[in-house]
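Take a look at the structure below.
Values in this document were obtained by computation on a predicted structure and should not be read as measured data. Every number for a ligand or one of its atoms is a count from 1 in the order of the listing. These numbers come from the heavy atoms of this one structure, side chains and all, not from hydrogens, waters or symmetry mates.
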Amino acid sequence: MRERFRVVGGAHLVGEVAVVGAKNSALKLMAVALLAVGRTTLTNVPAIADVTIMAELLRRLGVGVDYDPAAGVVVLDVPERIGHRADYELVRALRASISVLGPLVARVGEADVAVPGGDAIGSRGLDLHAAGLEALGAEVHVTHGYLVATAPGGLHGADIRLDFPSVGATENILTAAVLARGTTTIDNVAKEPEIIDIAEMLVSMGARLEGAGTSRITVHGVEALTPTEHAVVSDRIAAGTWAFAAATTRGDIEVVGGVAEHLRAPLGALEEAGCHVEVTARGFRVSAVDRRPRAFDVATLPYPGFPTDLQPFALSYNAVADGSAMVTENLFEARFRTVQELARLGADAQIDGHHVMTHGVPMLSGAPVESSDIRSGAALVIAGLVAEGDTLVSGVHHIDRGYPRFEQALRALGADVTREPDDEPPFE
Ligand code: UD1
(Lines give C-alpha, C1' and ligand atoms only; values in the text may rest on other atoms or scores of the structure.)
Protein backbone atom coordinates (compact mmCIF):
# COMPACT_ATOMS: atom_id res chain seq x y z
CA MET A 1 0.00 0.00 0.00
CA ARG A 2 1.27 3.43 -0.92
CA GLU A 3 1.54 5.90 1.93
CA ARG A 4 2.07 9.61 2.27
CA PHE A 5 2.88 12.03 5.04
CA ARG A 6 0.47 14.80 5.94
CA VAL A 7 2.62 17.63 7.25
CA VAL A 8 0.98 20.55 9.03
CA GLY A 9 3.00 23.71 8.47
CA GLY A 10 4.14 26.27 11.01
CA ALA A 11 6.28 24.11 13.29
CA HIS A 12 9.42 25.01 15.20
CA LEU A 13 11.13 21.72 16.01
CA VAL A 14 12.34 21.70 19.60
CA GLY A 15 13.79 18.87 21.69
CA GLU A 16 16.17 15.99 21.24
CA VAL A 17 16.47 13.26 18.68
CA ALA A 18 18.72 10.18 18.57
CA VAL A 19 20.74 8.99 15.59
CA VAL A 20 22.05 5.44 15.27
CA GLY A 21 24.40 3.69 12.86
CA ALA A 22 24.77 4.87 9.26
CA LYS A 23 22.82 3.11 6.54
CA ASN A 24 25.69 3.78 4.14
CA SER A 25 28.09 2.00 6.47
CA ALA A 26 25.95 -0.84 7.85
CA LEU A 27 25.20 -2.24 4.38
CA LYS A 28 28.88 -2.20 3.39
CA LEU A 29 29.96 -3.80 6.67
CA MET A 30 27.51 -6.66 6.08
CA ALA A 31 29.39 -7.33 2.83
CA VAL A 32 32.74 -7.08 4.63
CA ALA A 33 31.65 -9.96 6.89
CA LEU A 34 31.91 -12.25 3.82
CA LEU A 35 35.69 -12.02 4.16
CA ALA A 36 35.84 -14.26 7.27
CA VAL A 37 34.43 -17.72 7.91
CA GLY A 38 32.35 -17.80 11.11
CA ARG A 39 29.97 -15.55 13.04
CA THR A 40 30.36 -11.79 12.73
CA THR A 41 28.14 -9.47 14.78
CA LEU A 42 27.25 -5.91 13.83
CA THR A 43 25.64 -3.59 16.39
CA ASN A 44 24.12 -0.08 16.13
CA VAL A 45 22.50 -1.19 12.85
CA PRO A 46 19.58 1.04 11.75
CA ALA A 47 16.05 -0.42 11.47
CA ILE A 48 15.54 0.10 7.74
CA ALA A 49 14.30 -1.99 4.82
CA ASP A 50 17.66 -1.82 3.01
CA VAL A 51 19.24 -4.00 5.70
CA THR A 52 16.59 -6.65 4.97
CA ILE A 53 17.45 -6.55 1.25
CA MET A 54 21.16 -6.90 1.97
CA ALA A 55 20.35 -9.78 4.34
CA GLU A 56 18.47 -11.52 1.52
CA LEU A 57 21.38 -11.05 -0.87
CA LEU A 58 23.80 -12.56 1.64
CA ARG A 59 21.43 -15.47 2.36
CA ARG A 60 21.43 -16.30 -1.35
CA LEU A 61 25.22 -16.49 -1.12
CA GLY A 62 24.79 -19.11 1.63
CA VAL A 63 25.25 -16.87 4.67
CA GLY A 64 23.06 -17.35 7.76
CA VAL A 65 21.66 -13.92 8.67
CA ASP A 66 19.85 -13.02 11.88
CA TYR A 67 18.61 -9.41 11.92
CA ASP A 68 16.95 -7.95 15.00
CA PRO A 69 15.85 -4.42 13.98
CA ALA A 70 14.62 -3.49 17.46
CA ALA A 71 17.98 -4.36 19.02
CA GLY A 72 19.93 -3.01 16.04
CA VAL A 73 21.92 -6.23 15.74
CA VAL A 74 22.83 -8.32 12.70
CA VAL A 75 24.56 -11.66 13.16
CA LEU A 76 26.12 -13.13 10.01
CA ASP A 77 27.19 -16.76 9.92
CA VAL A 78 29.52 -17.17 6.95
CA PRO A 79 30.24 -20.74 5.82
CA GLU A 80 33.47 -21.98 4.26
CA ARG A 81 31.85 -22.27 0.85
CA ILE A 82 29.79 -19.33 -0.38
CA GLY A 83 28.20 -18.42 -3.71
CA HIS A 84 29.38 -15.63 -5.99
CA ARG A 85 26.32 -14.13 -7.66
CA ALA A 86 24.39 -10.98 -6.77
CA ASP A 87 21.12 -11.03 -8.77
CA TYR A 88 19.82 -8.03 -10.71
CA GLU A 89 16.52 -8.24 -8.82
CA LEU A 90 18.32 -7.37 -5.57
CA VAL A 91 21.02 -5.06 -6.93
CA ARG A 92 18.45 -2.86 -8.63
CA ALA A 93 16.52 -2.63 -5.35
CA LEU A 94 19.70 -1.84 -3.42
CA ARG A 95 22.64 -0.26 -5.16
CA ALA A 96 24.90 -0.86 -2.14
CA SER A 97 24.78 -4.56 -3.15
CA ILE A 98 27.77 -3.90 -5.39
CA SER A 99 29.90 -3.77 -2.26
CA VAL A 100 29.97 -7.60 -2.29
CA LEU A 101 32.19 -7.39 -5.38
CA GLY A 102 35.53 -6.91 -3.60
CA PRO A 103 34.91 -9.45 -0.81
CA LEU A 104 33.69 -12.12 -3.28
CA VAL A 105 36.66 -11.83 -5.65
CA ALA A 106 39.00 -11.98 -2.67
CA ARG A 107 37.30 -14.92 -0.92
CA VAL A 108 35.92 -17.00 -3.81
CA GLY A 109 38.05 -15.86 -6.75
CA GLU A 110 34.90 -14.98 -8.65
CA ALA A 111 32.05 -12.48 -8.49
CA ASP A 112 29.04 -12.02 -10.78
CA VAL A 113 27.37 -8.81 -9.70
CA ALA A 114 24.51 -7.22 -11.62
CA VAL A 115 25.22 -3.74 -12.98
CA PRO A 116 22.81 -1.45 -11.10
CA GLY A 117 21.65 0.74 -14.00
CA GLY A 118 20.52 4.34 -13.67
CA ASP A 119 18.90 5.42 -10.46
CA ALA A 120 17.01 8.50 -9.41
CA ILE A 121 20.12 10.51 -8.59
CA GLY A 122 22.13 10.37 -11.76
CA SER A 123 24.40 7.80 -13.32
CA ARG A 124 27.12 6.26 -11.22
CA GLY A 125 29.81 4.34 -13.07
CA LEU A 126 31.69 1.22 -12.07
CA ASP A 127 34.82 1.85 -14.16
CA LEU A 128 37.01 2.70 -11.15
CA HIS A 129 35.87 -0.45 -9.32
CA ALA A 130 36.73 -2.56 -12.38
CA ALA A 131 40.11 -0.91 -13.04
CA GLY A 132 41.12 -1.36 -9.39
CA LEU A 133 40.28 -5.06 -9.38
CA GLU A 134 42.11 -5.53 -12.70
CA ALA A 135 45.21 -3.94 -11.19
CA LEU A 136 44.96 -6.52 -8.37
CA GLY A 137 45.05 -9.29 -11.01
CA ALA A 138 41.35 -9.99 -11.60
CA GLU A 139 39.88 -10.33 -15.08
CA VAL A 140 36.83 -8.13 -15.35
CA HIS A 141 34.18 -7.93 -18.05
CA VAL A 142 30.51 -7.10 -18.39
CA THR A 143 28.23 -9.73 -19.87
CA HIS A 144 24.42 -9.93 -20.02
CA GLY A 145 24.10 -7.07 -17.52
CA TYR A 146 26.52 -8.57 -15.01
CA LEU A 147 29.97 -7.41 -14.04
CA VAL A 148 32.01 -10.60 -13.86
CA ALA A 149 35.35 -10.54 -12.05
CA THR A 150 37.52 -13.65 -11.84
CA ALA A 151 40.85 -14.32 -10.16
CA PRO A 152 41.21 -18.10 -9.95
CA GLY A 153 44.84 -17.86 -8.86
CA GLY A 154 44.09 -15.20 -6.23
CA LEU A 155 44.85 -11.49 -6.20
CA HIS A 156 48.21 -9.73 -5.85
CA GLY A 157 49.24 -6.36 -4.46
CA ALA A 158 49.41 -3.33 -6.78
CA ASP A 159 49.85 0.43 -6.79
CA ILE A 160 46.51 1.96 -7.70
CA ARG A 161 45.50 5.56 -8.18
CA LEU A 162 41.83 6.53 -8.42
CA ASP A 163 40.97 9.30 -10.90
CA PHE A 164 38.26 10.38 -8.48
CA PRO A 165 37.87 9.61 -4.73
CA SER A 166 34.85 7.35 -5.23
CA VAL A 167 33.48 5.88 -2.02
CA GLY A 168 32.23 2.69 -3.67
CA ALA A 169 35.45 2.05 -5.61
CA THR A 170 37.60 2.68 -2.53
CA GLU A 171 35.54 0.12 -0.61
CA ASN A 172 35.65 -2.60 -3.26
CA ILE A 173 39.38 -2.24 -3.87
CA LEU A 174 40.15 -2.14 -0.15
CA THR A 175 38.06 -5.22 0.63
CA ALA A 176 39.74 -7.13 -2.20
CA ALA A 177 43.29 -6.04 -1.33
CA VAL A 178 43.14 -7.28 2.29
CA LEU A 179 43.41 -10.89 1.09
CA ALA A 180 45.77 -10.22 -1.87
CA ARG A 181 49.37 -11.44 -1.83
CA GLY A 182 51.73 -8.59 -1.03
CA THR A 183 51.27 -4.88 -0.56
CA THR A 184 48.73 -2.59 -2.21
CA THR A 185 48.75 1.18 -2.16
CA ILE A 186 45.59 3.03 -3.17
CA ASP A 187 46.00 6.74 -3.85
CA ASN A 188 43.35 9.46 -4.03
CA VAL A 189 40.96 7.32 -2.00
CA ALA A 190 37.72 8.52 -0.42
CA LYS A 191 38.15 9.81 3.15
CA GLU A 192 34.54 9.47 4.33
CA PRO A 193 33.95 8.35 7.96
CA GLU A 194 32.31 5.24 6.45
CA ILE A 195 35.67 4.29 4.89
CA ILE A 196 37.34 4.61 8.30
CA ASP A 197 34.55 2.44 9.72
CA ILE A 198 35.24 -0.32 7.18
CA ALA A 199 38.98 -0.06 7.80
CA GLU A 200 38.49 -0.37 11.56
CA MET A 201 36.30 -3.44 11.11
CA LEU A 202 38.86 -4.99 8.73
CA VAL A 203 41.68 -4.37 11.23
CA SER A 204 39.62 -6.01 14.00
CA MET A 205 39.30 -9.02 11.65
CA GLY A 206 43.08 -9.23 11.37
CA ALA A 207 43.69 -7.15 8.23
CA ARG A 208 46.89 -5.14 8.06
CA LEU A 209 46.35 -1.67 6.67
CA GLU A 210 47.03 1.97 7.41
CA GLY A 211 46.02 5.41 6.16
CA ALA A 212 42.21 5.19 6.24
CA GLY A 213 40.87 8.74 6.51
CA THR A 214 43.80 10.11 4.46
CA SER A 215 44.23 10.14 0.67
CA ARG A 216 46.43 7.03 0.62
CA ILE A 217 45.63 3.63 2.07
CA THR A 218 48.35 0.96 2.26
CA VAL A 219 47.29 -2.67 2.63
CA HIS A 220 49.55 -5.61 3.47
CA GLY A 221 47.64 -8.69 2.38
CA VAL A 222 47.05 -11.54 4.84
CA GLU A 223 46.12 -15.23 4.28
CA ALA A 224 42.77 -15.13 6.07
CA LEU A 225 40.60 -12.96 8.29
CA THR A 226 38.66 -13.88 11.42
CA PRO A 227 35.10 -12.91 12.41
CA THR A 228 34.55 -9.93 14.67
CA GLU A 229 32.04 -7.78 16.52
CA HIS A 230 31.74 -4.18 15.36
CA ALA A 231 29.49 -1.18 16.07
CA VAL A 232 28.39 0.79 12.99
CA VAL A 233 29.59 4.43 12.85
CA SER A 234 27.02 7.14 13.61
CA ASP A 235 24.90 8.29 10.66
CA ARG A 236 26.28 11.70 9.71
CA ILE A 237 23.62 12.23 7.04
CA ALA A 238 20.76 11.57 9.48
CA ALA A 239 22.50 13.86 11.99
CA GLY A 240 22.92 16.55 9.31
CA THR A 241 19.24 16.17 8.41
CA TRP A 242 18.27 17.15 11.97
CA ALA A 243 20.73 20.05 11.93
CA PHE A 244 18.98 21.43 8.83
CA ALA A 245 15.56 20.62 10.31
CA ALA A 246 16.40 22.81 13.33
CA ALA A 247 17.78 25.64 11.19
CA THR A 248 14.97 25.56 8.60
CA THR A 249 12.12 25.51 11.13
CA ARG A 250 13.92 28.00 13.41
CA GLY A 251 13.86 25.45 16.19
CA ASP A 252 16.34 24.01 18.65
CA ILE A 253 17.40 20.35 18.40
CA GLU A 254 20.00 18.33 20.26
CA VAL A 255 21.18 15.47 18.04
CA VAL A 256 22.08 12.72 20.49
CA GLY A 257 24.72 10.41 19.04
CA GLY A 258 25.56 12.89 16.26
CA VAL A 259 29.25 13.50 15.56
CA ALA A 260 29.88 17.19 14.81
CA GLU A 261 33.41 16.40 13.62
CA HIS A 262 31.90 14.44 10.68
CA LEU A 263 29.78 17.44 9.66
CA ARG A 264 32.28 20.25 9.72
CA ALA A 265 31.30 21.75 6.36
CA PRO A 266 27.51 21.81 6.89
CA LEU A 267 27.61 22.79 10.58
CA GLY A 268 30.22 25.46 9.86
CA ALA A 269 27.99 26.91 7.13
CA LEU A 270 24.93 26.92 9.41
CA GLU A 271 26.88 28.65 12.15
CA GLU A 272 28.15 31.31 9.78
CA ALA A 273 24.59 31.82 8.54
CA GLY A 274 23.49 32.84 12.02
CA CYS A 275 22.47 29.56 13.66
CA HIS A 276 23.79 28.58 17.06
CA VAL A 277 25.84 25.35 16.82
CA GLU A 278 27.24 23.70 19.91
CA VAL A 279 28.99 20.41 20.65
CA THR A 280 27.33 18.76 23.67
CA ALA A 281 28.32 15.82 25.87
CA ARG A 282 25.91 13.56 23.96
CA GLY A 283 26.27 14.93 20.43
CA PHE A 284 25.58 18.42 19.14
CA ARG A 285 22.87 21.04 19.16
CA VAL A 286 21.64 23.44 16.49
CA SER A 287 19.25 26.27 17.22
CA ALA A 288 17.82 29.23 15.32
CA VAL A 289 15.06 30.30 17.66
CA ASP A 290 13.70 33.84 17.15
CA ARG A 291 15.84 34.57 14.12
CA ARG A 292 15.80 34.02 10.38
CA PRO A 293 19.16 32.57 9.35
CA ARG A 294 20.80 33.70 6.11
CA ALA A 295 20.82 31.69 2.89
CA PHE A 296 24.25 30.31 1.94
CA ASP A 297 26.04 28.94 -1.10
CA VAL A 298 26.74 25.20 -1.19
CA ALA A 299 28.93 23.14 -3.52
CA THR A 300 28.84 19.38 -2.93
CA LEU A 301 32.24 17.70 -2.81
CA PRO A 302 33.85 14.48 -1.60
CA TYR A 303 34.37 14.37 2.18
CA PRO A 304 35.29 16.56 4.04
CA GLY A 305 33.39 18.81 1.64
CA PHE A 306 29.66 19.41 1.78
CA PRO A 307 27.93 15.97 1.37
CA THR A 308 25.80 15.42 -1.73
CA ASP A 309 23.31 13.62 0.53
CA LEU A 310 22.61 16.88 2.38
CA GLN A 311 22.16 18.97 -0.76
CA PRO A 312 18.32 18.67 -0.84
CA PHE A 313 18.21 19.94 2.76
CA ALA A 314 20.29 22.97 1.81
CA LEU A 315 17.68 23.68 -0.88
CA SER A 316 14.74 23.52 1.56
CA TYR A 317 16.71 25.69 3.97
CA ASN A 318 17.66 28.31 1.36
CA ALA A 319 14.04 28.38 0.14
CA VAL A 320 12.99 30.10 3.39
CA ALA A 321 16.28 31.63 4.58
CA ASP A 322 17.08 35.31 4.30
CA GLY A 323 18.56 36.29 0.92
CA SER A 324 19.71 34.62 -2.30
CA ALA A 325 22.13 31.73 -2.67
CA MET A 326 23.38 29.14 -5.10
CA VAL A 327 23.57 25.37 -4.59
CA THR A 328 25.96 23.49 -6.90
CA GLU A 329 25.83 19.70 -7.32
CA ASN A 330 29.22 18.31 -8.34
CA LEU A 331 28.74 14.58 -7.71
CA PHE A 332 25.55 13.45 -9.41
CA GLU A 333 23.86 14.93 -12.49
CA ALA A 334 20.15 14.52 -11.91
CA ARG A 335 19.95 15.23 -8.23
CA PHE A 336 17.68 18.26 -8.46
CA ARG A 337 14.26 16.64 -8.37
CA THR A 338 13.63 18.40 -5.08
CA VAL A 339 13.60 21.74 -6.89
CA GLN A 340 10.48 21.27 -8.99
CA GLU A 341 8.62 20.03 -5.89
CA LEU A 342 9.87 22.96 -3.80
CA ALA A 343 8.60 25.25 -6.56
CA ARG A 344 5.15 23.68 -6.07
CA LEU A 345 5.42 24.81 -2.45
CA GLY A 346 6.08 28.35 -3.62
CA ALA A 347 9.87 28.39 -3.43
CA ASP A 348 11.63 30.85 -5.72
CA ALA A 349 14.23 28.50 -7.25
CA GLN A 350 15.71 28.16 -10.75
CA ILE A 351 17.86 25.35 -12.10
CA ASP A 352 20.76 26.31 -14.36
CA GLY A 353 22.83 23.25 -15.31
CA HIS A 354 24.24 21.86 -12.10
CA HIS A 355 23.39 25.02 -10.12
CA VAL A 356 20.21 26.06 -8.36
CA MET A 357 19.62 29.71 -7.54
CA THR A 358 17.16 30.46 -4.74
CA HIS A 359 15.69 33.67 -3.37
CA GLY A 360 14.37 33.01 0.11
CA VAL A 361 10.68 33.65 0.85
CA PRO A 362 9.43 34.03 4.45
CA MET A 363 7.04 31.07 4.23
CA LEU A 364 6.15 28.36 1.73
CA SER A 365 2.63 27.32 0.82
CA GLY A 366 1.42 23.75 1.44
CA ALA A 367 0.66 21.48 -1.56
CA PRO A 368 0.91 17.82 -2.61
CA VAL A 369 4.50 16.89 -3.57
CA GLU A 370 6.27 13.68 -4.57
CA SER A 371 9.56 12.40 -3.12
CA SER A 372 11.93 10.77 -5.60
CA ASP A 373 14.62 9.46 -3.25
CA ILE A 374 15.40 9.18 0.45
CA ARG A 375 16.92 12.61 0.92
CA SER A 376 14.64 14.64 -1.31
CA GLY A 377 11.67 13.05 0.47
CA ALA A 378 12.92 14.01 3.92
CA ALA A 379 13.84 17.50 2.67
CA LEU A 380 10.29 17.97 1.35
CA VAL A 381 8.83 16.99 4.73
CA ILE A 382 11.00 19.68 6.35
CA ALA A 383 9.86 22.16 3.70
CA GLY A 384 6.27 21.22 4.57
CA LEU A 385 6.94 22.21 8.17
CA VAL A 386 7.65 25.79 7.04
CA ALA A 387 4.70 25.95 4.62
CA GLU A 388 1.38 27.50 5.42
CA GLY A 389 -1.37 24.82 5.57
CA ASP A 390 -0.99 21.11 4.82
CA THR A 391 1.69 19.51 2.62
CA LEU A 392 1.11 15.95 1.41
CA VAL A 393 4.41 14.17 0.72
CA SER A 394 3.96 11.03 -1.43
CA GLY A 395 6.50 8.27 -1.90
CA VAL A 396 7.03 7.67 1.83
CA HIS A 397 8.72 4.32 1.07
CA HIS A 398 11.74 6.34 -0.11
CA ILE A 399 11.95 8.18 3.22
CA ASP A 400 11.56 4.93 5.17
CA ARG A 401 14.77 3.69 3.52
CA GLY A 402 16.86 6.22 5.39
CA TYR A 403 14.86 7.38 8.39
CA PRO A 404 13.28 4.74 10.62
CA ARG A 405 9.97 6.06 12.01
CA PHE A 406 10.63 9.58 10.72
CA GLU A 407 7.15 10.86 11.63
CA GLN A 408 7.52 9.66 15.24
CA ALA A 409 10.81 11.50 15.63
CA LEU A 410 9.24 14.64 14.14
CA ARG A 411 6.21 14.41 16.44
CA ALA A 412 8.49 14.07 19.46
CA LEU A 413 9.98 17.43 18.38
CA GLY A 414 6.54 19.05 18.31
CA ALA A 415 5.60 18.66 14.64
CA ASP A 416 2.20 17.54 13.41
CA VAL A 417 3.08 14.85 10.86
CA THR A 418 0.94 11.77 10.21
CA ARG A 419 1.26 8.77 7.93
CA GLU A 420 -1.83 7.99 5.87
CA PRO A 421 -2.82 5.84 2.88
CA ASP A 422 -2.08 7.45 -0.49
CA ASP A 423 -4.81 6.78 -3.04
CA GLU A 424 -3.45 9.09 -5.73
CA PRO A 425 -1.86 7.33 -8.72
CA PRO A 426 1.99 7.43 -8.52
CA PHE A 427 3.74 10.28 -10.28
CA GLU A 428 5.64 9.08 -13.38
C1 UD1 B 1 28.08 8.57 -2.94
C2 UD1 B 1 28.72 9.62 -2.07
C3 UD1 B 1 28.67 9.13 -0.66
C4 UD1 B 1 27.22 8.85 -0.29
C5 UD1 B 1 26.58 7.88 -1.29
C6 UD1 B 1 25.10 7.66 -1.07
C7 UD1 B 1 30.59 11.10 -2.60
C8 UD1 B 1 31.98 11.20 -3.10
N9 UD1 B 1 30.08 9.86 -2.51
O10 UD1 B 1 28.83 7.37 -2.81
O11 UD1 B 1 29.24 10.06 0.24
O12 UD1 B 1 27.12 8.32 0.99
O13 UD1 B 1 26.73 8.39 -2.61
O14 UD1 B 1 24.32 8.63 -1.67
O15 UD1 B 1 29.96 12.08 -2.27
N16 UD1 B 1 32.19 7.28 -10.31
C17 UD1 B 1 32.70 6.91 -11.52
N18 UD1 B 1 33.22 5.66 -11.66
C19 UD1 B 1 33.24 4.75 -10.66
C20 UD1 B 1 32.72 5.13 -9.42
C21 UD1 B 1 32.19 6.41 -9.28
O22 UD1 B 1 32.70 7.68 -12.45
O23 UD1 B 1 33.74 3.63 -10.87
C24 UD1 B 1 31.62 8.64 -10.14
C25 UD1 B 1 30.13 8.63 -9.95
O26 UD1 B 1 29.43 8.65 -11.17
C27 UD1 B 1 29.91 9.90 -9.15
C28 UD1 B 1 31.15 9.99 -8.28
O29 UD1 B 1 32.13 9.19 -8.94
O30 UD1 B 1 29.88 11.03 -9.97
C31 UD1 B 1 30.94 9.55 -6.84
O32 UD1 B 1 30.79 8.18 -6.80
P33 UD1 B 1 30.92 7.31 -5.48
O34 UD1 B 1 31.57 8.06 -4.39
O35 UD1 B 1 31.46 5.99 -5.86
O36 UD1 B 1 29.41 7.12 -5.14
P37 UD1 B 1 28.85 6.30 -3.99
O38 UD1 B 1 29.75 5.22 -3.53
O39 UD1 B 1 27.46 5.96 -4.42
Item to check | side-chain contact (heavy atoms from CB on, under 4.5 Å) evaluation trace for Leu147 with Leu101 | outcome: CA-CA 9 Å; Leu147 190 144; Leu101 183 61; 3.8 Å; yes
Could you say whether the N/O atoms of [X] and ligand 1 ever approach to under 3.5 Å?
{"X": "Gly168", "value": "yes"}
{"X": "Asn24", "value": "yes"}
{"X": "Pro165", "value": "no"}

Under 4.0 Å from any heavy atom of [X], which atoms of ligand 1 are there?
{"X": "Asp309", "answer": "4 (C), 6 (C), 12 (O), 14 (O)"}
{"X": "Leu331", "answer": "8 (C), 15 (O), 27 (C), 30 (O)"}
{"X": "Arg236", "answer": "11 (O)"}
{"X": "Glu192", "answer": "7 (C), 8 (C), 11 (O)"}

Looking only at side chains, do [X] and [Y] share a donor and an acceptor under 3.5 Å apart?
{"X": "Thr300", "Y": "Glu329", "answer": "yes"}
{"X": "His230", "Y": "Asp197", "answer": "yes"}
{"X": "Thr280", "Y": "Glu254", "answer": "yes"}
{"X": "Thr52", "Y": "Tyr67", "answer": "no"}

Next on the checklist: Nearest non-hydrogen contact with atom 29 (O) of ligand 1 belongs to which option: Phe332, Tyr303, Phe164?
Outcome noted: Phe164
Checklist entry - Evaluating non-hydrogen atoms only, which member of Thr308, Leu126, Leu128, Ile195 is closest to atom 15 (O) of ligand 1? => result Thr308
Next on the checklist: Please classify the Val167 to ligand 1 contact at 4.0 Å (heavy-atom distances, strictly less than): side chain, backbone, both or neither.
Outcome noted: both
Item to check | Check: Tyr317 ring centre within less than 6.0 Å of Phe296 ring centre | outcome: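 Ring centres of Phe296 and Tyr317 closer than 6.0 Å.
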Checklist entry - Can you tell which of Met54, Arg107, Met30 makes a side-chain contact (heavy atoms from CB on, under 4.5 Å) with Val100? => result Met54
Next on the checklist: For Glu329, state whether at least one heavy atom is located under 4.0 Å from any atom of ligand 1.
Outcome noted: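 Not so, Glu329 does not reach ligand 1.
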Checklist entry - Hey, what do you get for CG (Leu128) to CD1 (Ile160), rounding to the nearest 0.5 Å? => result 11.0 Å
